Amino acid sequence: MKTNWRNYHNIHTSVPTICNPTVLGFSAYFHDSSACIVKDGKVLAAVEEERFTRKKHDNSFPVNAIKYCLSKIGRAPDLVVFFENPDRKFDRIKQTFAMTEHSDEIYRTVFTLWDEVKSRKKIEDKFSQTTGLDNQIIFLDHHLSHAASAYYVSGYNNATLVTIDGVGENTTTTIGRGDGLKIEMLKEIEFPHSIGLLYTALTVFLGFRPFDGEYKVMGLAAYGDDSRESNPYYRKLRQTLQVAEDGSFGLNMRYFGHNNLEMKAYRPELVDLLGLPPRHSADPMNGDYENLAAALQLLTEDLVLGILTHAYQIAPSESLCFAGGVALNSVINAKILTKTKFKRLFIQPAAGDGGTALGAAKYVQCLADNAAPSERMSHAYLGPGYTTDEIENVLNSENIVYHSFASEVDKRHTVAALLKAKNVVGWFWGRIEWGPRALGARSILASPLYEDMKDILNAKVKHREMFRPFAPVVCVDDAEEFFECDLPIPEPTDFMLMVYPIRKEKQRQLPAVVHVDGSGRLQTIRRDQNPEYYDLVKEFGRQTGTPVLINTSFNINNEPIVCSPLDALNCMRATKIDYLVIDRFLVRNCSQVSS
Ligand SMILES: [Fe+2]
């Protein structure tokens, strides 16, 4: 196959020169709308809209996220930037209409939505109506926002930049280079040739929701045949695309439906090729679907590593910044440093579309200030937090009976003992995490030492598919003892973005977090990131001999992670979580009393 790389479509974005600007970035109308504020050269706040509206993956205009970010500066920002170019996006939609037949109804629906909501003008109007501000909005490119979201907070002075997602405007994959202040986007692959949409098509085929169930497919894949030689679906899936020697690829669109706005993600020809009926969400799982998930994971790994290899050839650097929704595939991420020539890897916690608000804001800040980036994102605690008084007021107004810890030492001793005694604990600390993973600010914690803890967690709160694993958290200085991880341990493990094998001799010690293939999607924690969380894991180790906990997100299945104290109480009330630890207070479930 001839190459499918094209030169990047570089569109000049005019950014005024401003010394030390305060910049608001926001994203909307695709997945996970979000906002971010940058002040004094640093990310001051970043949050997804879903955390406020309680609607998972909320893609509406991020009114609440913007208001929260503006509240952190108390004045109008110098610059405002939107994460993508609506005109280019609409051009792609019009091209999609031109490629295939569509009904008048879908045509009218899409064009009306565009004219009334999603156009450049409507975004500008909505922003000024919502905020009362008259900033002129800068519109960036989607994949430039992705690339900037990783590079400008990586702490690297130069890096190879790779972005891979479903689609942004008309682009699905890019290679670029970061050098000091400057990002240079070099090559791209265009829609409909998309690794993200290939993964989504098979996610739908396997009976899961698009743009949500991809994590489930990644977990399911571990049950299937991981051999390219013997997995029958690998050979079949391989026929749905062509790959060039330079890592570029082209999907055969007779198998996929994403170039038709009225079709499913896949076409009947894919069903015929696979020789397997698509799974409906309520259907039982079986070995064929497990093998199909494994084949998809293998194929995705081939494609991603091929692109990264080419990226190293044309824009070599020891450091790789990786972004886009595909960079949330933590199984592949953990193979990058061993299977490519990159020595260092940075992925920011909101690698998917939510993270573009941060990338857009950082890009404009660095350009306006004409200053090379100096920021290294060392933690993800960038969303709303609540004072002790605010939390106590909520507990009192909700008539909650609670115990106050005497000290931080008392807190960690008590909570570690509760976990050791097999309790499930909601853990609410500080500012909420940026990105899809709970990292010890809004987490549910449990002991990994018991074989049945996965069942207990599912029965009490999570109600997830039984094939999905629970993730372990370990202090960074203990990680090597339990995991066969890259050394030095890459920063993305702090954001739960790498799946590593758990050492064979340790697997019996941690039965509740060992996935079927012996792996675990670990989170490493450093004390300076979250001292109470770090100290708790250490204390659990002192009490049990195993300094590892289960860390899963503080939410009910299909709801966003809890944000406010009231969200946490509501989640506790709706589940059988045994205890809630919130700031310096301990609440036992069912302890609400009438006034
Ligand atoms: Fe994207």
Side-chain angles (χ1 to χ4, degrees), residues 8-9 11 13 25-36 46 48-50 57-60 62 65 81-93 96 118 123 139-153 161-176 183 185 187-201 203 210-215 251 258-259 265 300 303-304 307 311 321-330 332-333 346-363 434-436 497:
Y8 189 76
H9 62 271
I11 294 175
T13 303
F26 70 100
S27 69
Y29 304 141
F30 202 19
H31 319 292
D32 302 307
S33 298
S34 61
C36 169
E48 295 88 343
E49 182 71 1
E50 65 161 32
H57 303 306
D58 193 345
N59 68 354
S60 60
V81 54
F82 188 66
F83 81 118
E84 69 177 5
N85 181 328
D87 299 334
R88 284 198 69 237
K89 183 173 179 175
F90 196 40
D91 285 346
R92 188 251 303 164
I93 291 170
T96 303
K118 296 184 176 181
I123 290 167
F139 291 87
L140 219 58
D141 281 3
H142 185 115
H143 279 262
L144 181 56
S145 296
H146 271 314
S149 77
Y151 178 59
Y152 284 130
V153 293
L161 315 180
V162 173
T163 68
I164 308 176
D165 69 359
V167 60
E169 294 135 2
N170 195 38
T171 304
T172 67
T173 309
T174 72
I175 295 174
I183 284 181
M185 301 293 276
K187 288 189 175 184
E188 65 181 330
I189 295 174
E190 292 185 336
F191 181 87
H193 307 295
S194 164
I195 296 175
L197 293 175
L198 163 72
Y199 210 98
T200 295
T203 296
F211 312 118
D212 181 65
E214 285 79 358
Y215 303 111
L251 298 186
H258 56 259
N259 62 348
T300 307
L303 293 170
V304 171
I307 288 163
C321 291
F322 188 23
V326 175
L328 291 169
N329 192 311
S330 44
I332 293 175
N333 291 344
F346 184 80
I347 306 168
Q348 65 110 351
D353 276 359
T356 54
L358 184 149
K362 284 297 295 184
Y363 182 84
W434 166 240
L497 289 169

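Computed from a prediction, not measured in an experiment: that's the story for all the values here. When a ligand or atom number is given, it counts from 1 through the structure's own listing order.
Summary: OD1 is the N/O/S atom of D353 found nearest to the Fe ion (ligand 1).
For the residue pair T171 / H143, no side-chain donor-acceptor distance below 3.5 Å is found, with atom types taken as modelled. Checked by atom type, the side-chain pair H9/N170 shows no donor-acceptor distance below 3.5 Å.
Residue side and main chain included, H143 places no N/O/S atom under 2.8 Å of the Fe ion (ligand 1). Contact annotation: H31 places no N, O or S atom under 2.8 Å from the Fe ion (ligand 1).
Taking the six-membered ring for Trp and thresholds of 30 and 60 degrees, F82 and F139 have ring planes more than 60 degrees apart, a perpendicular arrangement.
When rounded to 10 degrees, the angle formed at the Fe ion (ligand 1) by OD2 (D165) and NE2 (H146) equals 100°.
Taking CH2 of W434 as the start and OG of S34 as the end, the distance is 4.0 Å to the nearest 0.5 Å.
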